[in-house]
Amino acid sequence: MVNTADTLFIMLSTALVMLMTPGLALFYGGMVRSKNVLGTIMQSFVILAVISVEWVLWGYSMAFGPDLAGVTGTLEWFGLNGVGLSPFAGYSETLPHLTFMIFQGMFAVITPALITGAFAERMKFGTFLLFTILWATLVYNPICHWVWGVGGWIRNLGALDFAGGTVVHISSGASALAAALLIGKRKGYGTEPIHPHNLPMTILGAALLWFGWFGFNAGSALSCGPLAVNAFVATHVAAAAAALTWTIVEWIYRGKPTTLGTASGAVAGLVGITPACGFVGLTAALIIGIVAGVLCYFAIVMKTKLGYDDSLDVVGIHGVGGAWGALATGLFADKAINAAGANGLFFGNPGQLGIQALSVIVTIGYAFIMSLILLKALDWIMGLRVSPEDEVSGLDLTQHNETAYNL
Amino acid sequence: MKKIEAIIKPFKIDEVKDALSQIGIEGMTITEVKGFGRQKGHKEVYRGAEYVVDFVPKIKIEVVIDDVMVERVVETIIKSAQTGKIGDGKIFVYSIDEVTRIRTGEKGKDAV
């Protein structure tokens, strides 16, 4: 039976999650130099177009379609064949199947967009576009099936991922590391200053991410009720706590609290709470946020020491924050919050932490190796990087024939 | 005729402009410039990474005047632009060969 309140809530949540990708475009766009702002925004914005098409053609079927050996969905639902207006009980008994499909589609959109921060300011547009389609098909769709699809092998192990800690954040974070290592540092990285060109734009993007994340996390309850409320409040609490701790840690270590730090901390908290928000209580949400802010800050400082150029810190925030969130779910999960979940270590079930750890390791390993293979192949066929001359001129002019600011 | 070129701290521009107007200077050209001297640059921090920005924003004032005014103008700029701290800037005096007012074609002293 379709429930109209649930349907309304998930349709609105879908629209909120849709807004996160343009929000991410602004978040990233403000952090690059002004000659690359359009190229950076375009990488997110065009994904909204291309992955939406990929999703309705074969993405949804691969991720959520009839299971094949726990590894992937078949193409039986290709082109949304059979995906209609009545509920599909395997995912929700109260939502039209199409509502579930489009809600999930927005997750498929934002995940590859997250990776673009790793190769910002130097990737060829054509190669990037092809990489995105291949990555969605060969990395996102399978991992999504393993974790969330009926019959998926990680789901069958009992791993908990409420809104995408492994599927969205760890997969994009691990792939971002592969991309940053393979494409190499930006020209001038470490020798000349590469500053964010418009931090107010970045703050606006962070605000839109925070706003949209309510749809992302609360909507993942797939119903309009107490569980969605728990996820909603947990999301907000963790974001606020992480924004605060990042700010304080930076204040202590660098002498001044920065706006970029506060915004980055908020995103780190949102990432951290994502897998947990529908399984943990609010004290746990607070702790997850506090730790996420500190942990992600130090992950980013480590990057500078390790010397790879993950330009906009996808690894430090989404990889590390996502891994923390997935493991924290194994610590704090409580069946009193969500009877359909499981208890974590602190509620007498240490085994859950092991299952969470396994899901983290598998996701990191698969996403990292597949991304390396895809990028290496694309580099060989068509080249990943723009020419040094084009890199100096900027992506806006050389990839898109535009400039952002004509003053 | 002389050209006075002064590099000053940006927040001092209004004071300098008013002080010069008061001693009868009727025109000037200013430019936002960046540079460094003994003041050096400043530190910026983005996501925990520190950058030293070498070039500090300054304002360059250019005034062309009759020779007899040079000392007064220089003194006025010093008085109005001085904070006593490092980074107050410098004043350069150049000789000017010729000045022409475009509207009328007047030359020399009459044109400034």
Side-chain angles (χ1 to χ4, degrees), chain A residues 27-28 30-33 117 186 188-199 202 206 246-265 267-268 293-317 320, chain B residues 3-18 20-21 26-64 81-90 92 102-103:
Chain A
F27 184 65
Y28 282 172
M31 275 189 271
V32 298
R33 290 163 291 179
R186 283 168 293 178
Y189 179 79
T191 56
E192 58 192 67
I194 300 179
H195 294 176
H197 90 285
N198 187 344
L199 285 178
T202 295
W246 184 308
T247 309
I248 291 168
V249 170
E250 190 168 43
W251 202 343
I252 293 168
Y253 278 86
R254 292 288 165 189
K256 288 277 180 357
T258 66
T259 51
L260 179 58
T262 308
S264 306
V267 175
V294 179
L295 199 65
C296 294
Y297 174 81
F298 285 110
I300 280 165
V301 173
M302 276 298 288
K303 172 195 78 170
T304 321
K305 300 223 164 88
L306 292 175
Y308 61 91
D309 181 14
D310 168 20
S311 311
L312 310 180
D313 296 312
V314 190
V315 181
I317 292 182
V320 173
Chain B
K3 181 169 89 166
I4 312 285
E5 194 177 285
I7 312 284
I8 63 163
K9 287 189 164 163
F11 81 100
K12 281 287 187 181
I13 181 61
D14 285 332
E15 274 177 70
V16 174
K17 184 197 73 187
D18 292 344
L20 287 175
S21 301
E26 288 173 331
M28 67 183 69
T29 305
I30 69 164
T31 320
E32 292 178 22
V33 293
K34 285 181 177 181
F36 66 89
R38 268 182 268 175
Q39 187 188 359
K40 300 293 182 234
H42 60 267
K43 185 178 85 173
E44 290 185 15
V45 180
Y46 298 104
R47 281 195 167 157
E50 247 180 58
Y51 300 93
V52 175
V53 178
D54 291 327
F55 295 99
V56 190
K58 295 283 169 190
I59 283 188
K60 182 169 81 177
I61 306 175
E62 288 163 286
V63 193
V64 176
Q82 202 172 58
T83 67
K85 292 193 195 101
I86 206 160
D88 271 353
K90 293 204 169 50
F92 308 97
I102 292 175
R103 178 169 56 88

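Please read all numbers here as calculations on a predicted model, not as lab measurements. Residue numbering restarts at 1 for every chain, and letters A, B, ... go by the order of the sequence lines.
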Is it the case that atom [atom1] in [X] sees more than 12 heavy atoms from other parts of the structure closer than 6.0 Å?
X      : atom1 : result
B/F36  : CZ    : no
A/L306 : CG    : yes
A/F298 : CZ    : yes

Between the OG1 atom in A/T304 and the CD atom in B/E50, the distance rounded to the nearest 0.5 Å is 11.0 Å
Enter the distance from B/R47:CZ to A/K303:NZ here, rounded to the nearest 0.5 Å. 7.5 Å
Between A/E250, A/H195, A/M31, the one whose heavy-atom pairs under 4.5 Å with chain B are most numerous: A/H195
So which of A/G316, A/P193, A/S264 has the biggest tally of heavy-atom pairs under 4.5 Å with chain B? A/S264
For A/L199 and B/Y46 the tightest heavy-atom approach is CD1-CE2, 3.8 Å
Nearest heavy-atom approach of A/T258 to B/V45 is CG2-O, 3.9 Å
What part of A/Y297 gets within 4.5 angstrom of chain B, counting heavy atoms only: side chain, backbone, both, or neither? side chain
